[in-house]
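Remarks on the structure that follows.
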Amino acid sequence: MILLDGKATSNKIKEEIAIEVQELTKSGIRAPHLAAILVGDNGASLTYVNAKVKACAKAGFESTLVTLPLDISEDGLLNEIEKLNTNPEIDGFIVQLPLPKHIDEQKVLMAVNPDKDVDGFHPTNVGKMALNLPTFLPATPFGILELLERYKVETSGKHVVVIGRSHIVGSPMSILMSQKRAAGNATVTITHSRTKNLKEITLQADIIVAALGIPEFLTADMVKDGVTVIDVGITRIEDKTKKNGFRLAGDVHFESVSKKSNFITPVPGGVGPMTIAMLMKNTLLAAKRRG
Ligand code: NAD
C-alpha cells in the first residue's frame with residue numbers, strides 16, 4: 001500500500017508556486033493577491049480560511065480576509081463582492097461556504113467575476129471545465145487529479161466510481177476524470193444517495209473517490225484488492241481526548257480499506273492540503289493572466 005501523501009505533495013507544489021512568485025516579482029510584476037470572504041464565525045470555516053491565508057503569505061502572495069457579520073444581508077454581501085470584482089489589486093477571491101440560510105448561495109456565486117473566480121464555481125467556469133477548455137478548475141477535484149498524476153496512478157481505461165454528486169466535488173470529479181487529460185481517460189460511474197446496490201458498483205472500481213460526508217462509510221467489504229481510494233470526506237467528530245475537542249474523520253474506514261488498497265489518501269493529510277495548494281495555483285494563474 002502506498003500512501004498518497006497530500007501534505008508532502010502540497011508542500012512541494014507550494015514551494016514550486018513560491019519560486020514562480022519570486023520570478024514574477026523579480027520581473028516587475030506584483031505578487032498574486034487572493035482575497036477571501038468569510039460570513040460569520042463558524043469554527044470549521046474559520047480554520048479553512050485561516051489555513052488558506054497563511055499558505056498564501058508563506059508563498060509570497062498578498063492576501064486579504066474580509067470578515068462579515070452572520071446577519072449581513074444578501075445585498076450587503078453582494079456589495080462586498082462587487083468591491084472585490086472591481087478592485088484591480090485583487091487577482092482572485094473566494095466566498096467561503098456554507099453561507100447562512102438567508103443568503104442565496106447560487107446568487108452569490110453568480111455575482112463573482114468569472115475572471116477572479118479562483119474556486120471555479122461560476123457557471124461560466126463550470127461550463128468551460130465541462131468542455132475541457134482552459135479555466136479555473138474547482139480546487140478539490142483539481143487537487144485529486146494532481147495527486148493521482150504526481151504518484152503516477154494509472155487512470156486511463158480504469159473504472160472510477162465517484163460517491164457523491166455535489167457541485168464542488170463529486171460532479172466535477174466525474175466530468176474531469178472522464179475527459180481526455182492527465183489523470184483522466186477513465187470510465188466513470190457517479191453514484192449518490194439514490195443509488196441502488198452501491199456495494200456491487202464499488203466492488204467493480206479500480207479507483208474510488210468517496211465524497212459523501214459520512215464518516216467511515218466505505219468499508220473493506222465494498223472494495224476489491226488493489227483498489228485506489230481517494231477519501232474526500234472531512235467530518236468533525238467530538239473527541240474529548242483532543243485539545244480542540246474533536247478529531248477529523250474521512251468517508252473511508254482507513255484501517256481496513258488500506259489493507260486492500262494499492263494507493264490510498266489519509267484523513268487528515270490527503271485531499272485537504274491539496275485543495276489549498278490548487279486554490280493558490282488558480283490564483284497564480286489569475287495573476288499571470290493580469291501580467
Ligand atoms: P454534499 O453534502 O454537498 O454532498 C454529499 C453527496 O453524497 C450528495 O451528492 C449525496 O447524494 C451523496 N450521498 C449521501 N449519502 C449517500 C449514500 N449513503 N450513498 C451514496 N451517496 C450518498 O457534500 P460535499 O460538499 O461534496 O462534501 C462531501 C465531504 O467532503 C464532506 O465531508 C466535506 O466536508 C468534504 N469536503 C472536503 C474537501 C477537502 O478539501 N478535503 C472539500 C470539499 C468537501
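Counting starts at 1 for both ligands and their atoms, in listed order.
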*Salt-bridge test for E15 and K12: reply yes if a basic N is under 4.0 Å from a carboxylate O, no otherwise.*
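Judged by the 4.0 Å cut-off on N to carboxylate O distance, E15 and K12 do not form a salt bridge.
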*Distance in Å, D251 CG paired with L212 CG, rounded so as to fall on 0.5 Å steps*: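 D251 atom CG to L212 atom CG measures 4.5 Å (nearest 0.5 Å).
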*Amino acids in close contact with ligand 1, where any non-hydrogen atom sits under 4.0 angstrom away*: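 Ligand 1 is contacted, at a heavy-atom distance under 4.0 Å, by T140, I163, G164, R165, S166, I168, V169, H192, S193, A211, L212, G213, I214, F217, V232, G233, I234, V271, G272, T275.
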Distance-only donor-acceptor pairs under 3.5 Å for side chains of residues 102-109, two or more places apart:
unit_1	atom_1	unit_2	atom_2	d
H102	NE2	I72	O	2.7
D104	OD1	Q106	N	3.1
D104	OD1	K107	N	3.4
K107	NZ	E74	OE2	2.9

*Qualifying side-chain hydrogen bond (donor to acceptor under 3.5 Å, both in side chains) pairs with a residue from residues 207-218, counting only residues at least two apart or across chains*: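 The answer is none; no pair qualifies.
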_Tell me whether N85 contacts the main-chain N or O of N113 through its side chain, where contact means a donor paired with an acceptor under 3.5 Å._
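At least one qualifying donor-acceptor pair exists.
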Would you be so kind as to tabulate the donor-acceptor pairs closer than 3.5 Å made by side chains of residues 41-54, with sequence neighbours excluded?
unit_1	atom_1	unit_2	atom_2	d
N42	OD1	A44	N	3.0
N42	OD1	S45	N	2.9
N42	OD1	S45	OG	3.4
T47	OG1	G43	O	2.8
T47	OG1	R236	NH2	3.2
N50	ND2	L46	O	3.3
K52	NZ	Q96	OE1	2.9

